[in-house]
There are 2 protein chains.
Amino acid sequence: MDIHAVAKLAHVSIATVSRTINHIPTVNPKMAKRVWEAIRELDYFPNTQARALVSGRSRLLGLIVSEITNPFFPELIQGFEEVAVENGYEVLIGSTNYDPERMKSCIRRMVERNAEGVAVMTFGIEQPLLDQLADRKIPLVFVDVAPNRPGMSVLRVDYHHGIRQGVQHLAALGHRSIAFVAGPLRLHSAQSRLAAFKKALQECGIPVEEKRIIEGDHTMEGGLAAAARILEHKNLPTAIMCSNDMLAIGVLHKLSRSGLQVPGDVSIIGFDDIHMAEMMIPSLTSIQMSRSDLARAAVSALRTHLEGSTPKREYTIDTHLVVRESTGFPRGTMTRLRKFTAKRAESAAESTQ
Amino acid sequence: MDIHAVAKLAHVSIATVSRTINHIPTVNPKMAKRVWEAIRELDYFPNTQARALVSGRSRLLGLIVSEITNPFFPELIQGFEEVAVENGYEVLIGSTNYDPERMKSCIRRMVERNAEGVAVMTFGIEQPLLDQLADRKIPLVFVDVAPNRPGMSVLRVDYHHGIRQGVQHLAALGHRSIAFVAGPLRLHSAQSRLAAFKKALQECGIPVEEKRIIEGDHTMEGGLAAAARILEHKNLPTAIMCSNDMLAIGVLHKLSRSGLQVPGDVSIIGFDDIHMAEMMIPSLTSIQMSRSDLARAAVSALRTHLEGSTPKREYTIDTHLVVRESTGFPRGTMTRLRKFTAKRAESAAESTQ
DNA sequence: CAAATCCCAGTAAACCTTTACCGCAAATGT
DNA sequence: ACATTTGCGGTAAAGGTTTACTGGGATTTG
């Protein structure tokens with residue numbers, strides 16, 4: 001059931017069949033029709049391996065993520081796959097689990113399978129591996145940071161925009177004491193988030209207090225631990241911003257179990273806006289970066305490298321605040337408000353005297 | 001940078017290189033050593049396409065899931081991938097989003113890429129597609145139900161065991177009025193869960209009340225809607241069991257928003273035990289089916305078909321209850337308990353008189 | 001009417017590897 | 001010492017497709 005069978009049935013040569021399949025315009029419509037009929041008749045599929053072998057194009061894109069069970073990634077993968085398939089590519093997925101050894105094996109698999117381009121959506125990649133890909137002229141896309149080399153693009157996430165929105169939101173509600181639970185600071189993305197937070201505080205005129213910044217590990221357990229440390233302090237912050245939603249969920253749990261109300265006593269903001277954020281009780285205010293934008297940008301970056309058009313080196317990915325139930329006025333606001341209005345009423349009474 | 005380069009550098013023929021790489025024992029250790037050195041020197045990778053073309057083995061396994069963003073699946077994918085890679089296979093992932101058209105395109109892609117075997121972890125597959133795979137002698141694995149044909153295996157999930165444990169757990173706590181929020185009944189898995197629930201009720205001596213069974217759709221929104229319908233009834237059940245965790249989370253939300261306590265007023269049990277179940281407040285009692293068992297069984301089923309050993313047609317996947325915070329005594333139990341102990345104290349007083 | 005041009009289909013090489021088969025050399029047996 | 005076996009490396013075919021090149025027939029031009 002190969003191309004010869006089709007050629008025989010359609011009474012043409014295999015070259016004509018090949019040309020027909022590949023929509024090469026020099027083929028006579030009459031013959032093309034015969035060929036398509038034969039193809040349908042035999043239910044023929046071209047052999048991708050043979051195709052890839054001779055054309056040198058595997059139509060395979062690699063996608064390397066940190067861990068597929070981290071709910072941020074499946075949405076990313078879905079988007080990536082969808083766009084890739086739209087463009088006639090297949091996706092090879094690799095997950096590193098933050099293990100450089102596994103990263104190595106992922107890269108190896110990508111090279112062995114002749115992936116035409118690879119998107120690296122996890123921690124940085126080591127130099128020797130990078131060379132391996134660069135030697136083979138395989139285009140790469142990174143998130144946040146990338147070596148400035150030909151064939152490599154970077155998706156720069158604008159952490160600052162979303163995080164500033166979050167801080168402004170809290171500031172507008174009246175929060176002045178905001179803690180930050182950071183991710184593992186060896187990860188670039190975690191560092192960027194922390195830096196954006198500090199900058200946003202300054203912009204809102206809130207002093208940065210280092211003791212209110214705690215390093216976690218982007219998991220729920222990390223959030224539990226971080227919240228425990230926050231609770232040890234004598235004066236509790238009125239709001240906690242987290243480097244990702246898993247941390248925020250952990251914090252939420254710990255606070256609940258300690259008898260604190262969210263947002264009554266403490267407001268919480270997460271980051272990523274994973275599906276789960278919406279499902280928590282209270283639902284989690286979070287900062288979203290669009291997974292589908294990220295996926296779309298990654299594929300189109302790779303495509304520009306592959307299809308010869310002039311590649312952009314940088315793509316910007318937006319972030320923005322999604323307000324839900326976990327943020328509210330700081331505790332005591334209501335009491336103060338009552339006092340304030342009472343006072344005003346008093347002074348009003350005085351003035352009318 | 002092909003096999004010839006290695007052969008030249010090692011001063012052997014390409015056949016020897018090939019044999020060395022494939023660990024064929026008839027090659028002289030001395031030459032093998034030279035070959036390995038040359039391979040390392042040149043950083044040579046065999047071309048997978050060419051290999052697949054000539055050997056007829058793509059070392060590719062297909063995995064078709066419903067939707068990758070449904071948190072049940074990423075864990076499954078992770079397990080499947082891990083086991084596949086351990087056995088020298090790569091994984092091609094396809095997601096159907098419950099759309100038969102997309103299923104068709106998934107199958108097509110699997111065939112085009114010459115997947116050696118395919119695991120179908122979603123709704124049933126239509127006859128023509130099945131034939132397409134069967135014609136090409138591609139082994140298949142299904143969940144729950146499969147046509148009895150050579151080359152096809154089925155992973156039979158023992159829904160009954162876990163669900164019975166759940167019902168027994170509720171019964172032991174004193175629940176007699178238990179509602180069930182089913183999944184979409186056109187899905188076999190949803191039907192099986194409902195059937196298992198009914199059977200378990202009977203085994204525990206609790207009458208089955210059809211009006212307490214509601215069809216949902218395995219999403220959080222479905223859970224919200226189902227809970228709304230349950231709240232319309234005059235007498236509320238004391239416990240609600242759900243066909244999956246997403247439904248349970250929806251129900252939990254609706255009840256919370258309606259001012260009901262979980263488990264104080266109503267107990268909830270989910271199914272699947274997705275990661276999220278543990279993160280809810282209260283954390284969700286759920287019935288787990290091991291994703292890693294499922295993945296492992298799927299790969300090993302395909303492997304037995306591929307590597308010629310005698311294939312098993314059926315594999316059984318276990319389920320079991322994981323008790324967390326969302327289940328407790330039925331409402332009023334405490335009041336009744338107090339009355340009971342008071343009464344007993346009374347009669348004890350009488351008898352000692 | 002002959003020559004030139006053009007269109008398009010067919011032939012064959014190439015892509016890179018595996019593997020059946022051949023043959024050489026050394027070892028063993030008589 | 002010769003015949004037979006054994007071990008092992010090399011040669012070449014095969015796998016299914018794309019594509020450069022070739023060439024035949026039709027159409028146009030002089």
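Note on naming: letters A, B, ... go to the chains in the order of the sequence lines (proteins, then strands), and numbering restarts at 1 for each one.
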For the residue pair [Y] / [X], report whether a side-chain donor-acceptor contact shorter than 3.5 Å exists.
| X | Y | value |
| --- | --- | --- |
| A/His305 | A/Ser153 | yes |
| A/Tyr89 | A/Arg57 | yes |
| B/Arg102 | B/Ser95 | yes |

Give the B/S/- string for nucleotides 10-19 of chain D, one per nucleotide from 5' to 3', where a protein heavy atom under 4.0 Å of the base yields B, of only the sugar-phosphate yields S, and otherwise -. BB--BBBBBB

Going from CG on A/Leu60 to CG on A/Leu92, what distance comes out if it is rounded to the nearest 0.5 angstrom? 5.0 Å

Are any side-chain N or O atoms of A/Arg291 and backbone N or O atoms of A/Asp272, one a donor and one an acceptor, separated by less than 3.5 Å?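 Present.
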
Is the side chain of A/Asn87 donor-acceptor paired with the backbone N or O of A/Val83 at a distance under 3.5 Å, no angle test? yes

Just wondering, more than 12 heavy atoms not from [X] lying within 6.0 Å of its [atom1]?
| X | atom1 | value |
| --- | --- | --- |
| B/Arg296 | CZ | no |
| A/Glu314 | CD | yes |
| A/Arg40 | CZ | no |

Might you point out which heavy atoms bring A/Asn22 and A/Arg51 nearest each other, and give the distance in Å?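 Smallest interatomic distance, heavy atoms only, reads OD1-NH2, 3.3 Å.
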
So that I can compare with my own list, what are the stems of DNA chain C, taken as at least three consecutive Watson-Crick or G-U pairs with distances under 3.5 Å? C:1-30 with D:1-30

What are the 5'-most and 3'-most nucleotides of DNA chain C lying under 4.0 Å from any heavy atom of chain A?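 Contacts span C/dC8 to C/dC16, reading 5' to 3'.
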
